Amino acid sequence: MTILKTENLNYVYSQGTPFEKTAVRNVNLEIEKGEFVGIIGHTGSGKSTLIQHFNGLLRPFSGKIYLDGKDIWADKSQIRQVRFRVGLVFQYPEYQIFEETVYRDIAFGPKNMGLSEQETDRRVRATAERVGIPSDMLEKSPFELSGGEKRRVAIAGVMAMEPEILILDEPTAGLDPKGRELILNQIKEYHKTMGCTVLLVSHSMEDVARYASKLLVMNRAEVFCFDSTAEVFRRSAEIEKIGLSVPQIIRVFNILREKGIDIADDVYTVKYAKEKILEYMKSGGKLQ
Amino acid sequence: MEAFAKAEKLDFRYSDDDRLVLSGLDISFEEGEFTAVLGHNGCGKSTLAKHMNAILLPSGGAVYIDGIDTKDEDKIFDIRQKVGMVFQNPDNQIVASIVEEDVAFALENLGVEPSEIRRRVDEALKAVNMYEYRNHAPHQLSGGQKQRVAIAGIIAMRPKCIVMDEPTAMLDPVGRKEVMATVKRLNEEYGITIILITHYMEEAAKCRRVIVMDKGKILLDDTPSEVFSQVELMKSVGLDVPQVTELVYELNKSGLKLDTHIITEEECADALIELLS
């Protein structure tokens with residue numbers, strides 16, 4: 001079932017000035033409910049502009065956006081509801097924390113939705129636990145926390161609204177490898193248990209390769225391709241041509257095939273690469 | 001050869017009753033070296049970096065830059081001229097509204113002759129490939145370009161060493177490549193000593209020396225291939241290894257005997273070709 005659909009979406013910045021720039025051009029997408037989509041593209045390719053359309057922060061210049069089959073701009077007064085259903089976590093979300101305690105910061109969204117105190121409390125505690133914020137931290141000031149902890153509190157604030165679609169714009173930027181993995185695993189876990197749709201914008205090909213089942217590649221304001229992760233990475237040469245890098249493991253397998261070794265062309269994770277190599281050796285009788 | 005920068009039994013705590021962020025740390029950097037420093041958040045690597053140009057002073061032990069003790073207050077400006085720092089966020093490092101004025105800022109403060117300033121600013125901007133943008137406003141530039149302007153501002157001061165604290169963390173892959181290519185050239189052509197703090201293992205894999213820090217101490221100090229071959233140790237301190245190194249490690253767990261020192265795609269492909277054909 002399609003949860004989010006765009007039709008000939010266009011967006012232009014500073015229209016009518018010398019700085020006019022088309023940021024999104026003719027985007028037609030259909031995103032299925034429950035999918036985990038990675039969004040990649042270099043800076044200025046239109047990723048951030050595009051995702052800000054999905055919860056109605058930006059209004060398209062032309063074209064339409066459908067959430068669950070309904071045009072989100074059909075009734076302007078309903079746009080607030082759209083923002084509850086589509087949660088957007090910005091880049092460096094920890095800069096947007098403002099409440100006095102961690103608890104109140106996470107509770108801000110659910111309260112705004114008009115949920116009861118009891119339900120808000122349930123969601124704050126459940127989400128805090130989900131992102132690894134211990135309960136004794138809830139009464140602390142968010143500004144006493146480390147950078148990684150603050151980031152998780154900020155993400156929890158959006159998760160606590162339990163949106164049907166969770167969109168995260170580079171949630172791991174600036175974190176160390178352990179912090180990156182922790183946050184990505186928590187998002188994955190949230191995706192699994194809530195059965196929601198996740199859109200993850202990332203510059204890290206290794207990360208999207210590991211977590212996303214589909215990839216949306218943006219280039220120069222347009223959709224370059226939108227397909228399963230394996231299919232997208234099968235086009236690694238084209239992807240590199242538009243200035244994006246592909247995971248190291250893909251480049252290794254490309255070299256192998258260039259040298260005449262007949263091995264899978266859809267390998268993009270270490271785990272899968274290992275399987276394929278061992279399989280190849282067994283079939284060649286080199287390994288029992 | 002005498003080391004250019006040296007820390008001896010360096011202890012540091014932010015306040016008297018705080019824990020030691022650096023404890024008994026010994027390290028030295030030779031002139032012209034290109035070293036990557038790895039470690040998870042909170043391991044003390046940024047604290048060490050800030051000792052290299054006397055932003056922080058040791059709580060115990062000593063730090064010497066080109067033979068000068070950083071505790072010598074009279075020499076603090078000599079030290080800062082020898083060691084420049086580049087930080088994570090380019091927006092926090094740019095002060096002027098025109099690129100070339102930003103690069104000239106420190107030189108004007110130092111009272112350098114105007115004609116000499118002109119010469120050095122042009123040279124610095126050319127060194128980072130930003131000369132064409134000298135009359136642009138910084139906000140019109142991309143993150144990678146801004147970061148290169150920040151680096152130009154440092155090299156205009158003709159430092160012997162640049163310490164970079166995650167200079168590419170906020171950049172996209174293209175910006176990262178631009179900055180890394182610039183840094184590499186500064187090291188190779190100008191002989192500037194580089195100390196690069198990074199979370200990107202593939203950047204560290206390209207350096208000649210890699211230092212791994214954990215809990216305020218040096219855990220490993222070796223070539224990238226020696227460091228990354230210790231996959232379990234690296235993971236135990238919250239770090240990663242290049243994908244190809246991990247693949248070799250995984251294959252060896254299944255009974256193969258590949259060289260654990262593989263860190264580049266080419267090395268990995270060569271080893272696999274030998275294995276498979």
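To find a chain, count down the sequence lines: A is the first, B the second, and so on, and within it residues start at 1. Here the structure is a predicted model, which means the values were calculated and not measured.
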Self-check item: Short side-chain to backbone donor-acceptor contact, B/Gln88 and B/Ala169, under 3.5 Å
Solution: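 Judged by distance alone, no pair lies under 3.5 Å.
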Quiz prompt | Main-chain N/O of B/Glu246 paired with B/Glu250 side-chain donor or acceptor, under 3.5 Å | solution =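 Checking the backbone N and O of B/Glu246 against the side chain of B/Glu250, no donor-acceptor pair under 3.5 Å is found.
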Exercise. Side chain from CB out, backbone as N, CA, C, O: work out which of these in B/Glu166 comes under 4.5 Å of a heavy atom of chain A, or both, or neither.
Key: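 Interface part for B/Glu166: side chain.
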Contact origin within [X] toward chain B - heavy atom pairs under 4.5 Å:
X        : result
A/Ile263 : side chain
A/Lys274 : both
A/Ile261 : side chain

Quiz prompt | Stacked cation flag A/Lys188 on A/Phe36, 6.0 angstrom / 45 deg | solution =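 Checked: cation-pi criterion met.
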Practice problem: Identify which of A/Lys259, A/Lys178, A/Met205, A/His203 forms the greatest number of heavy-atom pairs closer than 4.5 Å to chain B. | Solution: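 Answer, by heavy-atom pair count under 4.5 Å with chain B: A/His203.
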Quiz prompt | Heavy-atom pair count under 4.5 Å with chain B, highest-scoring of A/Ile255, A/Asn254, A/Ile249, A/Thr269 | solution =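 When all of A/Ile255, A/Asn254, A/Ile249, A/Thr269 are compared, A/Ile249 has the most.
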Exercise. Would you confirm whether the ring centroid of A/Tyr13 sits within less than 6.0 angstrom of the ring centroid of A/Tyr11?
Key: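 Ring-ring flag for A/Tyr11/A/Tyr13: true, centres closer than 6.0 Å.
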Exercise. Assign the ring pair B/Tyr14 / B/Phe12 to parallel, tilted or perpendicular, where the plane angle (0 to 90°) is split at 30° and 60°.
Key: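 Ring orientation of B/Tyr14 relative to B/Phe12: perpendicular.
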